[in-house]
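Comments concern the structure below.
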Amino acid sequence: MTKANNPELRSWITVPDDSDFPIQNIPFGIMKTNDGERHPATRIGNMVIDLSVLCDFGFFDDLGIPDLSVFYTPVLNDFIALGKNYWSAVRERISELFSIDNDALQGIEDAVKLVTRPVEEVEMMMPVYVGDYTDFYSSIEHATNVGKMFRDPDNALLPNWKHIPVAYHGRSSSIVISGVQIHRPKGQTLPAGAKEPVFGPTRLLDFELEVAFITGKKTTLGETISVDEAEDAIFGLVLFNDLSARDIQKWEYVPLGPFLSKNFGSVISPWIITLEALEPFRVKGPKQDPPVLPYLKYNGKKNFDINLEVYIKPENGEETRITRSNYKYLYWNMAQQLAHHTVNGCNINPGDMCASGTISGPTPDSYGSMLELTWRGEKPLKLKDGTERKFIQDNDTVIFRGYAENENVKIGFGESVVKILPAIK
Ligand code: CA
């Protein structure tokens with residue numbers, strides 16, 4: 001077992017019961033410091049830890065890191081580019097420093113003050129510069145539901161679906177950090193029964209419950225990453241809300257796929273949870289039948305048991321949980337996704353983001369979008385305040401939460417939060 005994953009470890013930083021961030025997590029993100037600079041950071045309990053200050057004190061000096069400037073950059077791309085062995089070494093060093101029996105930092109009051117800040121005083125920023133973004137479509141339950149609604153209930157999956165981890169290239173610069181407010185987008189739609197499209201605010205604004213992985217490797221054109229190598233080239237995961245305008249999508253998506261219906265804002269959680277921290281939560285994926293082509297065959301447990309929840313909070317109201325799904329339902333795992341992505345020689349860079357596609361579970365209360373939860377609006381959801389939702393309304397806040405948990409430890413993702421504002425006049 002990785003030392004930093006030992007469930008027996010305790011930190012000298014107080015960790016509230018049920019926290020997403022025990023000392024076994026050690027996620028990576030970017031914090032904004034008091035003087036407005038952005039620094040790499042991690043989090044234990046409710047304290048944010050400035051890695052640049054740990055580096056100032058020399059705590060990373062003996063890890064063999066070729067260039068310590070990676071702890072002072074405004075995004076994590078350079079740190080991620082160091083590769084898996086260094087991610088692991090830094091995680092382990094942080095784990096040692098904040099373990100209850102380690103005196104190197106604890107007790108030196110001035111140093112602790114410089115290194116740690118309460119989470120409520122810290123603004124979190126985009127953790128990486130996202131050079132490229134790919135959105136997969138890897139949940140068989142979601143693809144089946146959408147196929148039933150929009151095409152043919154008897155042939156919901158297209159013939160390629162069980163052979164190819166289907167995906168499209170999305171827009172990376174509209175991926176934004178939790179806490180953002182986004183105006184309802186406007187666009188073209190074709191009203192039911194109409195022959196001509198109309199223009200206006202989307203009436204069917206939706207979320208897509210997704211998890212994205214962040215690549216940790218640079219490859220050149222022509223190079224491929226095999227299924228077996230793929231996980232070493234993945235740094236970690238974030239929650240990913242791929243906001244979608246269903247009416248705009250329906251009118252525009254043939255023949256080249258979604259465009260304006262999905263590029264107006266996708267909202268991620270600020271902390272990247274490393275694959276290493278998620279090791280204890282590996283599970284087997286669904287059986288793939290028919291068998292996949294040899295380059296997509298994999299061994300072992302490549303799915304992860306991560307609980308995923310979505311809440312809607314109306315303006316001035318309390319939040320209601322509207323679905324509970326799990327990352328483990330994905331038909332195509334991330335190793336297959338990355339192997340497929342690069343099998344033609346397509347290059348990747350550290351900080352690229354690959355989203356899973358909407359993750360729906362097998363039951364109607366585990367679907368990963370309003371489209372499916374309300375079955376195109378036919379079965380509205382009831383919120384705690386008595387109001388109903390077919391889709392997202394203006395001034396609603398959509399909150400994603402995610403966590404992996406066993407009897408020993410909980411590794412949480414925190415939240416992805418977005419408030420929807422009325423369309424701009
Ligand atoms: Ca999506």
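Note that the structure is a prediction, hence the values are computed from the model and not measured. Both counts, for ligands and for their atoms, begin at 1 and track the order of listing.
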Can you find a side-chain donor-acceptor pair between Ser88 and Glu276 that sits under 3.5 Å? yes

Between Glu252 and Ser261, does any side-chain donor sit less than 3.5 Å from a side-chain acceptor? yes

Can you name the N/O/S atom of [X] that is nearest the Ca ion (ligand 1)?
| X | value |
| --- | --- |
| Asp242 | OD2 |
| Asp135 | OD2 |
| Glu210 | OE2 |
| Glu208 | OE1 |

Does the distance from a Lys or Arg side-chain N to an Asp or Glu carboxylate O, for Glu208 and Arg246, drop under 4.0 Å?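 Looking at Glu208 and Arg246, the cut-off is met.
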
Should Glu319 and Arg401 count as an ion pair when the cut-off is N to O under 4.0 Å? yes

